[in-house]
Amino acid sequence: MGKGQYLKVKLSGSFESAQFDISFTEPRFLDRNISAGFDIFHKETDFSDEAGYQNRKTGGGPRVGFALAEYVWLNTSYTFTRDESFDLDDNVSLAVQDIEGVAHISTVGYSLVYDTRNNKVSPTKGLYLIFGQDLAGVGGDVNFIRSTAEARGYYPIAKGFTLVGRATAGYIEGWGDDDVRIVDAFYKGGETIRGFDTAGLGPREVGGDQDALGGKAFYAGTVELRMPIPFLPDELGFGAAVFADAGSVFDTDVDPSRTNGPGIDDSSALRASIGASLLWASPVGPLRADFAYALKSEKFDETEPFRFGASTKF
């Protein structure tokens, strides 16, 4: 209708999760350079193999964005989430039993964005920087402060060849005498550091089922070279990449006495991997297959040499 309004209806799923999102954005709210919108979401995740429980999140809320400069935006938001953990395995630890049931999370947040990318979907040049914080505890049952930061850079080095770099980190801490629940911690694996299984990095029980406990802190970095595939027409949408990933997930508030074993394996040591990818701009969206080898890992990490799915925003 010529107003630049943005509506997104998204349905996604895998063997371990399913998610439904609705988002609407008005880019010129009250005829000013202010964006306003709302998000509604429902997500179900099966952590049975990784941590012995399933989780369901339903919620939404409004958001408002302000242009501070030509390439700089400040986004603010409020989110209310109904968080339910259920179907716990019979032999899960007390740490997992602590999150069983329903919690209500009331969160206010902001993010500061600097974006000079030449294309939002498939960039080949520019920078994308974001820093954000969320405060949970404005009402609700859960109190935490979560901070995350990410930097991405795209540099064309020849026709069809793009050098891409990414650095990201995050930290979450409870407040008001609250510890960080394992369901609110960071879980990282092959989606961040390829060559590792889902939730394959981070604190883990020593005994029992060696359930993943999530980490309060993480950092990761990637260098990737994207290139065309020789002798394949560009209109087919195929490409290739070689990459190196590194990072770690660590720190937990879980008391070792509430696990099923003699303690918790936890290390901030660097993990690293190298590999190659097949990229496809398919009719249903960007897809990629990653083949990775873990160069450096801890004895309690879980590795995964092959990963296939939708391409990430990176």
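We number each residue from 1, following the sequence as shown.
- Rounded to the nearest 0.5 angstrom, Thr252 OG1 and Phe186 CZ are separated by 12.5 Å.
- Side chains of Ser297 and Phe196 form a contact here, defined as non-hydrogen atoms less than 4.5 Å apart.
- Contact check for Tyr6 versus Pro27: no side-chain heavy atoms found under the 4.5 Å cut-off.
- In this structure, Trp175 contributes its side chain and Leu135 its backbone to no donor-acceptor pair below 3.5 Å.
- Residues that satisfy the side chain to side chain donor-acceptor pair (under 3.5 Å) test with Thr222, not counting sequence neighbours, are Asp245.
- Under a cut-off of 6.0 angstrom, the local environment of NZ in Lys43 is sparse, with at most 12 non-hydrogen atoms contributed by other residues, nucleotides or ligands.
- Looking only at side-chain heavy atoms (C-beta outward), Val142 and Asp184 come within less than 4.5 Å of each other.
- Distance alone, capped at 3.5 Å, is enough to place a donor-acceptor pair between the Ser267 side chain and the Ala269 backbone.
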_Full working for side-chain contact (heavy atoms from CB on, under 4.5 Å) between Phe38 and Ile40_ = CA-CA 7 Å; Phe38 66 86; Ile40 300 173; 4.1 Å; yes
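- Atom CZ of Arg271 is separated from atom CG of Leu295 by 14.0 Å, given to the nearest 0.5 angstrom.
- Checked by atom type, the side-chain pair Gln210/Glu205 shows no donor-acceptor distance below 3.5 Å.
- In Phe161, the CZ atom is crowded: over 12 heavy atoms of neighbouring residues, nucleotides or ligands sit closer than 6.0 Å.
- Ser282 is linked by a side chain to side chain donor-acceptor pair (under 3.5 Å) to nothing, counting only residues two or more places apart in sequence or in another chain.
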*Between Thr25 and Arg63, is a side-chain hydrogen bond (donor to acceptor under 3.5 Å, both in side chains) present by the stated rule, with each step listed?*
CA-CA 9 Å; Thr25 302; Arg63 50 185 161 74; 3.0 Å; yes
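- Contact detail for Gly176 and Asn143: the closest heavy-atom pair is O-ND2, 4.4 Å.
- Looking at residues two or more places apart in sequence or on another chain, you find a side chain to side chain contact (heavy atoms under 4.5 Å, CB included) between Arg56 and His42, Glu44, Thr58, Glu84, Phe86.
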Which side-chain N or O atoms in residues 100-109 pair as donor and acceptor under 3.5 Å with protein atoms at least two apart or in another chain?
unit_1	atom_1	unit_2	atom_2	d
His104	ND1	Asp141	OD2	3.4
Ser106	OG	Tyr78	OH	2.8
Ser106	OG	Val138	O	2.6

*Can Asn55 and Thr45 be said to form a side-chain hydrogen bond (donor to acceptor under 3.5 Å, both in side chains), step by step?*
CA-CA 5 Å; Asn55 182 260; Thr45 306; 5.4 Å; no
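- Taken to the nearest 0.5 Å, the CG atom of Asp115 stands 4.0 Å off from the CZ atom of Arg117.
- Glu302 contributes atom CD, which lies 9.0 Å from atom CG of Asp49 (distance to the nearest 0.5 angstrom).
- Electrostatic pairing of Lys299 and Asp301 does not count as a salt bridge here, judged by no charged N lying under 4.0 Å from a carboxylate O.
- Atom OG1 of residue Thr192 and atom OH of residue Tyr219 lie 13.5 Å apart, to the nearest 0.5 angstrom.
- With respect to the salt-bridge test (charged N to carboxylate O, under 4.0 angstrom), the residues Arg258 and Asp255 do not qualify.
- Although no hydrogens or angles enter the test, the distance criterion places no donor-acceptor pair under 3.5 Å between the side chain of Ser277 and the main chain of Ala240.
- Between Phe144 and Asp178 there is no side-chain heavy-atom pair separated by less than 4.5 Å.
- Looking at residues two or more places apart in sequence or on another chain, you find no side chain to side chain donor-acceptor pair (under 3.5 Å) involving Lys188.
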*For Arg146 and Asp134, what are the C-alpha separation, side-chain angles and deciding distance, and is it a salt bridge (charged side-chain N to carboxylate O under 4.0 Å, His left out)?*
CA-CA 5 Å; Arg146 178 176 55 218; Asp134 296 303; 3.3 Å; yes
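- Within the 3.5 Å criterion, the main-chain N or O of Asp31 finds a donor-acceptor partner in the side chain of Arg28.
- Residues Leu270 and Ala246 share a closest heavy-atom pair of CD1-CB, 3.9 Å.
- With respect to Glu191 and Arg288, no salt bridge is recorded, no charged nitrogen being found less than 4.0 Å from a carboxylate O.
- When hydrophobic residues (I, L, V, M, F, W, Y) are linked wherever their side-chain heavy atoms come within less than 4.5 Å, the members clustered with Val92 are Phe47, Tyr53, Leu88, Val96, Ile99, Ile182, Val183, Tyr187, Leu213, Val254, Ile264.
- In this structure Ser48 satisfies the side chain to side chain donor-acceptor pair (under 3.5 Å) test together with Asp46, sequence neighbours excluded.
- The main-chain N or O of Gly202 is never found under 3.5 Å from a side-chain atom of Arg204 such that the two would form a donor-acceptor pair.
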_If you apply the rule side-chain hydrogen bond (donor to acceptor under 3.5 Å, both in side chains), what do you find for Gln133 with Ser147, and how did you get there?_
CA-CA 4 Å; Gln133 290 186 299; Ser147 303; 2.8 Å; yes
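- Applying the under-4.5 Å side-chain rule to Ile, Leu, Val, Met, Phe, Trp and Tyr, the cluster around Leu74 extends to Leu68, Tyr71, Val72, Tyr110, Leu112, Tyr114, Leu127, Leu129, Phe131.
- Considering only heavy atoms from C-beta on, Tyr154 stays 4.5 Å or farther from Leu163 through its side chain.
- Salt bridge status for Asp253 with Lys216: present, with a side-chain N to carboxylate O gap under 4.0 Å.
- Relative to the ring axis of Phe243, Arg194 places its NZ or CZ within 45° and under 6.0 Å from the centre.
- Nearest heavy atom pair, residue Ala294 against residue Thr303, reads CB-CG2, 4.1 Å.
- Remark: Glu150 engages Ile130, Arg152, Arg166, Thr168 in a side chain to side chain contact (heavy atoms under 4.5 Å, CB included) (not counting sequence neighbours).
- One N or O on the side chain of Thr259 and one on the backbone of Pro256 form a donor-acceptor pair closer than 3.5 Å.
- For the ring pair (Phe, Tyr, Trp, His ring centres under 6.0 Å) condition, the pairs that include at least one residue of residues 245-285, sequence neighbours left out, are Phe238-Trp280.
- For the pair Tyr171/Asp251, a side-chain contact is recorded, criterion being any heavy-atom separation below 4.5 Å from C-beta on.
- Take Asn91 and apply the side chain to side chain contact (heavy atoms under 4.5 Å, CB included) test, not counting sequence neighbours, and it matches Asp89, Asp209.
- Here Phe66 pairs with nothing under the ring pair (Phe, Tyr, Trp, His ring centres under 6.0 Å) rule; sequence neighbours left out.
- Residues Ser23 and Phe41 form no side-chain contact, since every pair of their non-hydrogen atoms from C-beta on lies 4.5 Å or further apart.
- In this structure, the separation between CG on Asn118 and NZ on Lys120 is 9.0 Å, given to the nearest 0.5 Å.
- Within the 4.5 Å cutoff, no side-chain heavy atoms of Thr162 are placed close to those of Met227.
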